[in-house]
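See structure below.
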Amino acid sequence: MIRDEIFSFSAFELARKIREKQIRAKEAVEAVFQNIDERESNICAYISLDKEAAMKEARHCDEQVLKGGGLPPLFGVPVAVKDNLLLKGRRTTCGSRMLENYIPPFTATCVQKLQEAGAIIIGKTNMDEFGMGISTEHSFFGPTKNPLDPARVPGGSSGGSAAAVSGDMAFAALGTDTGGSIRQPAAYCGLVGLRPTYGTVSRHGLVAFSSSMDTAGPLTRKIRDAAGICNIVTGADVKDQTSVSCPKIDISSLENAPVKGMRIGIPRELSAETDFEGGYSLAVSPEVKNTLTEAVRILEEEGARVEFFDMPILSYAVEMYYILSSAEASSNLSRFDGIRYGYRDPDAGDLASLYIGTRSSGFGLEVKRRILMGNYVLSTEHFDDCYRRAESARKKLCRSFDAAFSRFDVLLSPTAPQVAPLLGESGKDTLQNYISDLFTVPASLAGIPAVSVPFGNASLPVGMQFMGPRFGEQSILTAARFLEMHQEGRKQKELKGGTGNA
Ligand code: GLN
């Protein structure tokens, strides 16, 4: 089978073709590595790849197919995993010099579940160091580029996972989302990115950034793949006491995307220009605004009830997020001290200089900034003023979401205020970067599920985000599937020589 044809299949379709002996797993892995050979030197989606192990697994899969019998749902599918998810015996760096040569002794639960579902893990993807960033430019291993336009960033921090899937260098990938790191790269790379309800995916083996928000989830080409992978990786895990079981997504009922009668709320704070203290403001670019308008139009046409409403506390979500996530990060990252594992300053003379030397050269600039911020907000002088206030604001935010979900089934907003920026552009103003997370951090703070789906006909991909109540994956994916179906229809019309304005 020719390479392009293999890549026309979604991850679960590919698995079916492999089970039905129409494609061999070996062919699928070879196709992926051919693309990697051609593209990876330019895109840099991966930190490490293991072709030999992948080929060996593929051969094993093909033998199993010949033997017959029941085979798992992702059988033989090449999948990529973000490099902050542990894979036993394979280097896991978190994009940091600190863990440049770290080999973990166990596998993250969510990765293990993918393996048990038959996926072949082909490599570990590039990321902003310890998940801190919006562009994958803050990686010790250099930046990843957007396969759709290599002059642009793929987003971050799961930019490597997004680039791997978008560049046809994997059929699906796992990313992690603390404040938007699955959804925003998905939006920039034209993919579906799903952040499941907090706690439904075990954090065992996910290197901690901000434990109260860290969530692993899929980046895929299609909603169906995201839902299927979500069903595989979710579930309570004894190794993570904050994990919970959850209802499985009914994938077949997503197919026709019944949005008629669905109540959809759009928070005004996430749809127009927002002003912040210190003279900062966040403007939504015209192409993103137009895409939102078009989404509203077609949802209403289909019989959904769409309403703009005020949720004023959302304007403080960025402050809450950066105070709380930095506080948690400064505590979580204290384990990297040169003693237990990871990088150790070779020139240190005594214990104090070992700590200082190791952490000074082991961490990059953005990580140090977060540690300093975290220590500041946790210090005795500022604890009440910053940390405690942010915690109580977070509770208010959760209550506002509860109130919103008593009126609406799902909430809609853009995923990011703009399309993928040019490389180098986002390094200019740190605060402006933080503010650009306004659309994604609210769901993170509230622990609710959110999905980004590519939509519209702007020249570069734009993502629309649906947020739902806890365990509301079915509703957000239904709404997202409706936009996806519309998008598929538009593409088909374009192919047939239509106007593209379906
Ligand atoms: N951009 C956010 C940050 O830098 C989100 C990161 C994430 O979700 N891992 O903290």
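Only this structure's heavy atoms are used, side chains among them; waters, hydrogens and symmetry mates stay out. Residue numbers run from 1 in the order of the sequence given. Owing to the predicted nature of the structure, the values given are computational and were not obtained by experimental measurement. In each ligand, atom 1 is the first atom listed, and ligand 1 is the first ligand listed.
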| Residues forming a salt bridge (Lys or Arg N to Asp or Glu O under 4.0 Å) with D409, sequence neighbours excluded | R263
| task | Would you check if there is a donor-acceptor pair between the side chains of S212 and E328 at a distance under 3.5 Å? | result | yes
| request: Quick one: list whatever passes salt bridge (Lys or Arg N to Asp or Glu O under 4.0 Å) with K124, sequence neighbours left out. | output: D83
| Whether F130 and F363 hold their rings parallel, tilted or perpendicular, with breakpoints at 30° and 60° | perpendicular
| note | Those residues at least two apart in sequence (or on a different chain) that pass salt bridge (Lys or Arg N to Asp or Glu O under 4.0 Å) with R152 are D149
| Where does the angle between the aromatic ring planes of F336 and Y341 fall among parallel (under 30°), tilted (30 to 60°) and perpendicular (over 60°)? | perpendicular
| Can you list, by chain and residue number, every protein residue with a non-hydrogen atom closer than 4.0 Å to ligand 1? | G131, M132, G133, I134, S157, D177, T178, G179, G180, S181, F209, Y321, Y322, R370, D437
